[in-house]
Amino acid sequence: MKQTTVAVIGGGPAGVSATVYLRRALIDVLLIERGVPGGKVNFTAEIENYPGFVKVNGPDLALKFYEQVNSLGVSFTYGDVSKVITNEDHFIIQTDEEEIKAEYVIFATGMEERKLGVPGEEEYNGRGVHFCAVCDGPFYKGESVMVVGGGNSAFQEAVYLAGFSKKVYLIHRSDKFKADEILVKKAKATPNIEIILHTEVAEVIGDGDKVTSIIVENNQTNEQSEFSVSALFPYIGQLPMSAALKDLNVTDERGYVIVNDVMETSIPNLFAAGDVIKKGLRQVVTATNDGAIAAIEITHRVA
Ligand SMILES: Cc1cc2nc3c(=O)[nH]c(=O)nc-3n(C[C@H](O)[C@H](O)[C@H](O)COP(=O)(O)OP(=O)(O)OC[C@H]3O[C@@H](n4cnc5c(N)ncnc54)[C@H](O)[C@@H]3O)c2cc1C
């Protein structure tokens, strides 16, 4: 069984930041990631609110994270963590590949996109229904697409898609947006974005192979209409990925991990950081903040 002083689960901004601080204190750390290091940043077109960058392409920032971690000699392992088990003075982390023993854990698994739950969504997932505009948007160059949501992600990705799509319909269930005003203004000023309010997706229609149209419903008039689009990008919020902790009683009723001001859960030496924790603002800058705080607390204890 692999052994480490600190296991960092999740290689997004929170996990990367924790790893950097731990390695700079020369602490033995193993970064466990089931996908691509960099986390959600890989799936973001452009980031304009991370200090030090006027504007940075998400995958470029993710690559810089990876290079930094690599330069510090961090050990990586690929694995999908299914369970964290507590023992007297250590943890056992179960992945789909192996079991890992660690004295400390920083759980930084982030969130996953919330699904719409409408007919056709599952059937056409990956064949016209996509949750990452940066990854899959370019397949629909020159075509019409639909984005759903009223937050920063929806607006940001609608503007990104508008750069190469024929038309972007941005539909939102109310007339109030959570998105930053600067993004709303940008979307409104983009000629090929049409914002449609008080409207929800009712059904995804396809030809058995790919999406051909979307039926939407006005939630004030109940009137339905069909939009001929090739792809649907729902950005209607996210859910914390904390299933691996479910037996430990460290989450709130929605699954967010509850931590104290040093990012520690109610279980000693089990820390959590980033989007997966219960907090007010989920951004790259707050994720890196959380990871650093958890790491520094661990460095005090290991010393
Ligand atoms: C479309 C979009 C646009 C955004 N734009 C911005 C922006 O402009 N500015 C900004 O500051 N923030 C933005 N954000 C938010 C930002 O991306 C997140 O706040 C940030 O990435 C959170 O970092 P994290 O490390 O907590 O989680 P994540 O980045 O989600 O990383 C978590 C990592 O954990 C891994 N993981 C998950 N479960 C497991 C498991 N069981 N086993 C092993 N590994 C696992 C995942 O593969 C992932 O790599 C955006 C988000 C989205 C979706």
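For ligands, and for the atoms within them, numbers begin at 1 and follow the listed sequence.
- Side-chain atoms of Thr77 and Glu98 include a donor-acceptor pair closer than 3.5 Å.
- Taking the six-membered ring wherever Trp is involved, the centroid distance between the rings of Tyr66 and Phe76 falls below 6.0 Å.
- Counting heavy atoms closer than 4.0 Å to ligand 1, residue Asn152 contributes nothing at all.
- Among protein heavy atoms, the minimum distance from atom 13 (C) of ligand 1 is reached at Gln283 NE2, 3.6 Å.
- Atom CG of Asp290 and atom CG of Asp275 lie 8.5 Å apart (nearest 0.5 Å).
- For ligand 1, the atoms sitting less than 4.0 Å from at least one non-hydrogen atom of Glu157 are 1 (C), 3 (C), numbered in the order shown with element in parentheses.
- The atoms of ligand 1 that sit less than 4.0 Å from any heavy atom of Asp80 are 40 (C), 41 (N), 42 (N).
- Atoms of ligand 1 found under 4.0 Å from any heavy atom of Gly79, numbered from 1 in the order shown, are 42 (N), 43 (C).
- Taking atom 47 (O) of ligand 1 as the reference point, the nearest protein heavy-atom neighbour is Glu33 OE2, 2.5 Å.
- The shortest N or O to N or O distance between Gly10 and ligand 1 is not under 3.5 Å.
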Candidate pair Ile298 and Phe271, rule side chain to side chain contact (heavy atoms under 4.5 Å, CB included), full reasoning: CA-CA 9 Å; Ile298 292 173; Phe271 293 77; 3.6 Å; yes
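- Contacts between Ala287 and ligand 1, counted as non-hydrogen atom pairs separated by less than 4.0 Å, involve the side chain only.
- The shell of residues lying under 4.0 angstrom from ligand 1, judged by heavy atoms, excludes Ala244.
- The residue from Arg34, Glu113, Arg282 that puts a heavy atom closest to atom 15 (C) of ligand 1 is Arg282.
- Residues Gln156 and Lys186 bring no donor and acceptor atom of their side chains to less than 3.5 Å of each other.
- Nearest protein heavy-atom neighbour of atom 42 (N) of ligand 1: Val81 N, 2.9 Å.
- In summary, the atoms of ligand 1 found under 4.0 Å from a heavy atom of Ala108, numbered by their order in the structure, are 32 (C), 33 (C), 34 (O).
- Near Gly39, the atoms of ligand 1 lying under 4.0 angstrom from a non-hydrogen atom of the residue are 29 (O), 31 (O), 48 (C), 49 (O).
- Residue Ile182 qualifies as open at atom CD1: its count of foreign heavy atoms under 6.0 Å is 12 or below.
- Atom 31 (O) of ligand 1 has its closest protein heavy atom at Gly12 CA, 3.4 Å.
- If you look at Tyr50 next to ligand 1, there are no close heavy atoms at all, none under 4.0 Å.
- Heavy-atom contacts of Asn49 reach the following atoms of ligand 1: 7 (C), 8 (O), 9 (N), 10 (C), 11 (O) (cutoff under 4.0 Å).
- Contacts of Val284 with ligand 1, taken as heavy-atom pairs under 4.0 Å, involve both backbone and side chain.
- Residue nearest to atom 3 (C) of ligand 1, selected from Lys83, Lys55, Lys40, Gln156: Gln156 (by heavy-atom distance).
- Between Val6 and Leu30, the closest side-chain pair of non-hydrogen atoms is not below 4.5 Å.
- When each atom of ligand 1 is checked for a heavy atom of Gly274 under 4.0 Å away, the hits are 26 (O).
- Because its NZ or CZ atom is both nearer than 6.0 Å to the ring centre of Tyr256 and within 45° of the ring axis, Arg282 counts as a cation-pi partner of that residue.
- Cation-pi check for Lys115 over Phe131 is met; the charged atom lies under 6.0 angstrom from the ring centroid and within 45 degrees of its normal.
- Ring centers of His130 and Phe139: at least 6.0 Å apart, outside the cut-off.
- For atom 27 (O) of ligand 1, the closest non-hydrogen atom on the protein side is Gly110 CA, 3.5 Å.
- Of all protein heavy atoms, the one closest to atom 19 (O) of ligand 1 is Asp275 OD1, 2.9 Å.
- The closest approach between any non-hydrogen atom of Ser82 and ligand 1 is not below 4.0 Å.
- Residue, atom and distance of the protein heavy atom nearest to atom 52 (C) of ligand 1 are Ser153 OG, 3.6 Å.
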Take Lys246 and Thr251 through the side-chain hydrogen bond (donor to acceptor under 3.5 Å, both in side chains) test and state the conclusion after the steps. CA-CA 7 Å; Lys246 80 173 184 312; Thr251 59; over 6 Å; no
Identify every side-chain donor-acceptor pair in residues 79-87 under 3.5 Å, counting partners at least two apart or on other chains, and give the distances.
unit_1	atom_1	unit_2	atom_2	d
Asp80	OD1	Arg34	NH1	3.3
Ser82	OG	Gln94	O	3.3
Lys83	NZ	Asp247	OD2	3.2
Asn87	ND2	His90	NE2	3.2

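- Of the candidates Val285, Val8, Thr109, the one placing a heavy atom closest to atom 38 (N) of ligand 1 is Thr109.
- Looking only at atom types and distance, the side chain of Glu223 has no donor-acceptor partner in the side chain of Asn218 under 3.5 Å away.
- Protein heavy atom closest to atom 50 (C) of ligand 1, with residue, atom name and distance, is Thr44 OG1, 4.0 Å.
- Near Met241, with a cut-off below 4.0 Å to any heavy atom, the atoms of ligand 1 are 37 (C).
- Within the 4.5 Å cutoff, the side chain of Val145 has no heavy atoms near those of the Tyr169 side chain.
- Screening Val204, Val216, Ile196 against Met146 for a side chain to side chain contact (heavy atoms under 4.5 Å, CB included) leaves a single residue, Val216.
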